[in-house]
Each structure stands twice: as structure tokens, then as C-alpha cells.
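In listed order, ligands and their atoms are each counted from 1. As a basis for the values below, the full set of heavy atoms in this structure was taken, side chains included, without hydrogen atoms, waters or symmetry mates.
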Amino acid sequence: MSTDALDTVVAGRLAAVRTRIASAATRSGRLPEAVRLIAVSKTFGADAVRAAHAAGQVDFGENRVQEALGKRADTADLPLRWHLIGPLQSNKANKIPGAFASVQSVHSVDLVERLSRASVAAGVDLPILIQVDLAHEATKSGLAEAELRSLLAGARELPGVRVEGLMLLPPYAEDLEQVRPWFRRLRDLRETLLAEGTPADQLRELSMGMSHDFEVAIEEGATIVRVGSALFGNR
Ligand SMILES: *Cc1c(COP(=O)(O)O)cnc(C)c1O
């Protein structure tokens, strides 16, 4: 596809997704600005990122560190924010601070500690989200609900990292009404933690919802949606 054609296609899809986000937010009694869109550019090239940026998109998500760093370097002339949304190996923690605006897929105390040390060394503050495993799926990573409280408490004592909320990657179901309960469970978990005294600034964000189900996620309280194929096409 020529650059002009790609720009036009991506701009059109972005506008459509933004409209759907705004409607879902309004339906759930919130302002459209209360929901942030992360454009998931994994497997797509820097040209796709440039096309989205030309249409006003600033936040991008990637699930592999190396791929993200390459694309970040290829678009270094643009003021973009990169978010890591996929599994992070502990030994790559030192590649994160300074390069990523957030890590949304943090799932262990060990990783929080490593990111803390790396961020302090780099002299930055790193926002992180804790990926919660509600469905106990063997194929997906995430922290068990039972371990969440001690991780949140421990993270409050660590410099360089700031837990800002929770992330969910629910089991796939074609029927959106089968996905909705997972989103609702994450929102309920947030309410429970708040009622127990977890500081609200650790629970500001709920990152949930992808191309297939982001409107339902917003209806259930998502503040961040991670949308890839609806913007860039099928992978
Ligand atoms: C790929 C991916 C997305 C986006 O998925 P789409 O279905 O393409 O919108 C969202 N979140 C995570 C964690 C992903 O890996």
C-alpha cells in the first residue's frame, strides 16, 4: 500500500474507533476523554505508526520489547508514548525505563523490584499496571488475585515505580456477553481493594478491552483500551 493510501485507511479506522469509544463512554455515563486509546502496532511497521500519528494518535502498545525498541528508534522524530503490554522477562527490565511510558503487563513482585531498581538507576519514574489473572488460564500470564494485595503494598515502598491500576486479558469468547463478566469482575475487584483501603492512585486505571470487545469493556469501566487489528488490519 502506498503511504498516502495507508494514511487514509488508518485515519478512517482511527476515527471510527474513536467514535465508538466516545459512544460507549457516554452510554456508561462518562466523558469520552475518560477512556484512553492505546494503538497496538505489534507486527505492523513504522509506516503504520506514522499513519496513526498523522491522524492524531500518540499512545502505542507493543507486546515484545525488541520489536518495540526497533519501532521506537524508527519513529524517534515523533513525540510518541510507547507502552509495553506483553510479557516481560525479568532480565530485560533494564531496557524499559526511559523507553516506555508504562508497562501494563507486570505480573510478579520480582518484576516490580527489578523495574524499580532499573528506574532508579535511569532516574525516571515508571508507571506500571498489574496484569491480573482472573480466569487461571495456563496460556496467559498474570498475577493471581490472592497475591495482589501484598504486591500493591510492597510496591508502595519501592522508588521508581508507580502502580497506576490493573490490566486484564480475559479469555476469548465470540459472544461479548460471555466476556462482559470478566470485565465486571476486574471492576469489582478494584472496588473491593478501594474499600479495603488501597490508595486510589494505585487503582486509577483499568486497562481492558481489545478490538473485539472494547465497547463492552468501556461499559464495564475501562479507562484504557488496547486496540490493534481494528486500526491496522488483521495480523
Ligand atoms: C495484541 C494485543 C492487543 C490488541 O489486540 P487486537 O485484537 O488486535 O485489538 C491488546 N492487548 C494485548 C495484551 C495484546 O497482546
Side-chain angles (χ1 to χ4, degrees), residues 6 9-21 24 35-49 51-52 55 57-72 80-89 92 96 100-108 111 115 127-143 164-176 178-180 182-183 185-186 205-235:
L6 182 64
V9 168
V10 171
R13 290 182 184 147
L14 198 48
V17 167
R18 287 206 188 107
T19 300
R20 290 167 59 192
I21 288 173
V35 181
R36 185 145 53 113
L37 170 64
I38 292 186
V40 179
S41 49
K42 66 185 183 197
T43 77
F44 293 95
D47 53 346
V49 172
Q57 183 65 26
V58 172
D59 289 287
F60 290 85
E62 289 281 335
N63 68 339
R64 289 170 194 269
V65 176
Q66 288 311 336
E67 183 183 345
L69 292 176
K71 241 171 269 185
R72 179 174 178 270
L80 308 180
R81 284 191 295 265
W82 292 95
H83 304 269
L84 188 67
I85 61 172
L88 172 63
Q89 289 167 309
K92 291 200 178 147
I96 304 302
F100 291 88
S102 80
V103 180
Q104 307 215 333
S105 42
V106 174
H107 54 78
S108 75
L111 193 50
L115 287 170
I128 60 177
L129 303 184
I130 308 304
Q131 183 175 350
V132 185
D133 170 26
L134 294 177
H136 310 298
E137 282 181 290
T139 53
K140 289 180 189 157
S141 50
L143 187 77
E164 294 193 336
L166 309 176
M167 186 270 232
L168 182 68
L169 197 56
Y172 180 83
E174 188 60 40
D175 177 3
L176 293 175
Q178 286 181 22
V179 190
R180 186 185 297 275
W182 295 110
F183 296 140
R185 269 185 64 182
L186 194 71
E205 310 285 359
L206 290 181
S207 175
M208 53 187 197
M210 319 196 335
S211 292
H212 169 62
D213 53 18
F214 67 86
E215 287 155 302
V216 173
I218 292 169
E219 287 168 12
E220 298 302 331
T223 64
I224 295 172
V225 291
R226 311 174 309 265
V227 177
S229 48
L231 298 175
F232 299 114
N234 290 327
R235 288 182 296 272

Going by the side chain to side chain contact (heavy atoms under 4.5 Å, CB included) test, name the single residue among Asp59, Val35, Leu129 that passes it with Ile224.
-> Leu129

Would you mind listing which atoms of ligand 1 come within a distance below 4.0 Å of any non-hydrogen atom of Gly228?
-> 4 (C), 6 (P), 8 (O), 9 (O)

Please identify which atoms of ligand 1 are closer than 4.0 Å to at least one heavy atom of Ile85.
-> 11 (N), 12 (C), 13 (C), 14 (C)

Does Lys42 come within less than 4.0 Å of Glu67, counting only side-chain N to carboxylate O?
-> no

At under 4.0 Å between heavy atoms, what of His212 touches ligand 1? The answer is neither

The residue among Asp213, Val179, Leu168, Leu166 that forms side chain to side chain contact (heavy atoms under 4.5 Å, CB included) with Met208 is Leu168

Return the minimal non-hydrogen interatomic distance between Phe232 and Phe44, and the atom names on each side.
-> O-CE2, 3.2 Å

Where on Lys42 is there a heavy atom closer than 4.0 Å to ligand 1, on the side chain, on the backbone, on both, or on neither?
-> side chain

Just by modelled atom types, is the Ala173 backbone N or O under 3.5 Å from a matching donor or acceptor in the His212 side chain?
-> yes

For residues Asn234 and Ser229, report the shortest heavy-atom separation together with the two atoms involved.
-> OD1-CB, 4.2 Å

For ligand 1, which atoms have a heavy atom of Val227 less than 4.0 angstrom away?
-> 9 (O)

Is Arg235 near ligand 1, meaning one of its heavy atoms is under 4.0 Å from it?
-> yes

Identify the protein heavy atom lying closest to atom 4 (C) of ligand 1, giving its residue, its atom name and the separation to 0.1 Å.
-> Arg226 O, 3.6 Å

What are the atoms of ligand 1, with element, lying closer than 4.0 Å to any heavy atom of Ser211?
-> 6 (P), 7 (O), 8 (O), 9 (O)

Give the residue, atom name and distance (to 0.1 Å) of the protein heavy atom nearest atom 10 (C) of ligand 1.
-> Met210 SD, 3.3 Å

Pair Thr223-Glu205, side-chain donor/acceptor within less than 3.5 Å = yes

